[in-house]
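Accompanying notes for the structure given below.
Given the structure is predicted, the values throughout are model-derived calculations rather than measurements.
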Amino acid sequence: MQRGTISLLLTLVLIVLVSGCTGTDIFPNNSAPAGNGVRIISFEPELSSIYSGEETTFMLKIKNTGSFAATGTVKIDLSEWRGQCSTNQVRDFSNLIAPDSEVGTEGEEATFTWKCTAPDIENEGSEGLHIPYEPRAVVTVKGARSLTSKSVTLVPTKELLDIQNSGSALPSELVSKSASPVDIDIKVKGPVRLMTGTNSISFPVTITVTNVGGGIVEGSTVELNVEAGSGLNLLQSGECDLNRPLYLWRGRSQSITCEMSANNVETLTQARIVASATYDYTTTASTQIEVIGKRKSLWPQ
């Protein structure tokens with residue numbers, strides 16, 4: 001069994017333990033933590049202008065505002081700058097702690113610094129020349145995760161008629177979503193009425209995956225997994241397949257349709273459909289700095 005499947009099954013167990021029969025959300029207070037993953041809080045140079053050949057420090061601060069711990073890399077892109085850095089341009093971060101709304105803690109922050117030397121522009125006539133540059137910070141989260149759970153009400157025809165005739169209300173169908181840079185939306189219209197006699201039915205479910213984080217899904221591809229909770233079966237037909245790579249059109253969004261069935265459901269049941277995705281996600285930020293040219297030395301070194 002693959003690691004992703006094991007992780008999702010554990011999540012499903014957690015959902016069952018938390019929700020019981022009422023369909024409570026995955027996250028406390030029926031809402032996910034604010035944010036959508038690892039965000040770049042600040043990226044700036046120590047000085048806004050420096051002389052050619054002078055050293056300065058670039059500073060980067062990131063923060064985990066999503067629902068899951070985050071691991072990945074940060075790097076500074078100075079390709080246009082053509083200067084040199086005394087520290088590694090690619091750095092790692094590991095298990096950046098996610099916020100916890102239940103206990104009131106914010107997500108973990110991490111800071112990185114790079115000491116870099118401005119490019120040499122000591123040429124005739126360059127004294128006082130101001131050349132602007134735009135270095136970039138690139139943050140990539142490896143194995144980023146998204147998770148959405150939706151409850152759907154399954155009800156035999158006779159029981160549905162009894163509820164309607166008595167003026168009672170059906171239970172609410174709840175949706176829980178992780179705070180992630182990729183959103184998963186599950187569309188199925190409930191309640192699902194089961195056929196008289198068999199108390200069974202098959203019905204379509206549309207799942208839409210959308211990049212909402214303002215960054216890039218690496219390869220425009222996510223690994224999508226769909227799980228049917230107790231009372232439902234996922235039919236291996238149509239576009240839906242377990243643990244399938246899903247290509248996002250132009251890196252933005254893609255929808256698939258799954259077919260599910262409910263069989264021999266004797267009484268009103270709230271079943272869950274859970275969709276999860278894993279992917280690598282990159283965000284960038286740029287800053288500005290100008291390099292001031294110096295008069296070329298007339299004296300031998």
Please determine, by modelled atom types, if [X] and [Y] share a side-chain donor-acceptor pair under 3.5 angstrom.
X	Y	value
T208	S255	yes
S180	Y281	no
T287	E44	no

I need the [X] [atom1] to [Y] [atom2] distance, nearest 0.5 Å.
X	Y	atom1	atom2	answer
R39	I62	CZ	CD1	12.5 Å
S261	L234	OG	CG	8.5 Å
S42	K61	OG	NZ	7.0 Å
L129	E290	CG	CD	10.0 Å
N264	T198	CG	OG1	7.5 Å
C116	E46	SG	CD	11.5 Å

| field | With sequence neighbours excluded, residues passing side chain to side chain donor-acceptor pair (under 3.5 Å) with K63 | value | E106
For the student: nearest non-hydrogen atoms of [X] and [Y], plus distance:
X	Y	answer
I289	P45	CD1-CB, 3.9 Å
V155	P191	CG1-CB, 4.0 Å
T56	L47	OG1-N, 3.7 Å
S146	V182	OG-O, 2.6 Å
L96	E108	CA-OE1, 3.5 Å
T283	V38	OG1-O, 4.2 Å

Has [X] got a side-chain atom pairing as donor or acceptor with [Y]'s backbone, closer than 3.5 angstrom?
X	Y	value
D280	G143	yes
E173	T153	yes
D100	E102	yes
Q89	I76	yes
S52	P119	yes
E159	L268	yes
S67	A179	yes
T269	T267	yes

| said: Is there a side chain to side chain contact (heavy atoms under 4.5 Å, CB included) between V152 and L232? Walk through the geometry before answering. | reply: CA-CA 10 Å; V152 57; L232 294 175; 4.0 Å; yes
| task | Step through the shown structure and confirm whether more than 12 heavy atoms of other residues, nucleotides or ligands are within 6.0 Å of OH on Y51. | result |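 Not more than 12 within 6.0 Å, no.
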| Any chance CG of L161 has more than 12 other-residue heavy atoms, nucleotides or ligands included, within less than 6.0 Å? |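 More than 12 heavy atoms, drawn from other residues, nucleotides or ligands, come within 6.0 Å of this atom.
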Report yes if some heavy atom in the side chain of [X] is under 4.5 Å from a heavy atom in the side chain of [Y]; otherwise report no.
X	Y	answer
T105	I97	no
S286	R136	yes
R91	W114	yes
L170	L160	yes
Y133	L78	no
P245	E223	yes
V209	L248	yes

| field | Residue of the set L154, L194, N263 for which side chain to side chain contact (heavy atoms under 4.5 Å, CB included) holds with S200 | value |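 Among L154, L194, N263, the one meeting side chain to side chain contact (heavy atoms under 4.5 Å, CB included) with S200 is N263.
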| In this structure, which one of V205, I201, V192 forms a side chain to side chain contact (heavy atoms under 4.5 Å, CB included) with M260? | V205
| Step by step, would you call E266 with N199 a side chain to side chain contact (heavy atoms under 4.5 Å, CB included)? | CA-CA 7 Å; E266 301 296 335; N199 286 339; 3.4 Å; yes
Examine [X] and [Y] and state if one hydrophobic cluster contains both, with Ile, Leu, Val, Met, Phe, Trp and Tyr joined whenever side-chain heavy atoms are less than 4.5 Å apart.
X	Y	value
I184	L246	yes
L224	I273	yes
L60	I216	no
I256	V222	yes

| task | Could you go through the side chain to side chain contact (heavy atoms under 4.5 Å, CB included) check for I186 and V175 one step at a time? | result | CA-CA 9 Å; I186 302 173; V175 177; over 6 Å; no
| Is the shortest distance from a Lys or Arg side-chain nitrogen in K177 or D185 to a carboxylate oxygen in the other one below 4.0 Å? |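 Looking at K177 and D185, the cut-off is met.
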| For I41, the rest of its hydrophobic cluster, which grows through side-chain links under 4.5 angstrom | none
| message | For F68, does the six-membered ring have the charged nitrogen or CZ of R145 within the cation-pi criterion, i.e. under 6.0 angstrom from the centroid and within 45° of the normal? | response | yes
| task | Any chance you could lay out the side chain to side chain contact (heavy atoms under 4.5 Å, CB included) test for E218 and T282, step after step, and finish with the verdict? | result | CA-CA 7 Å; E218 294 295 326; T282 295; 2.5 Å; yes
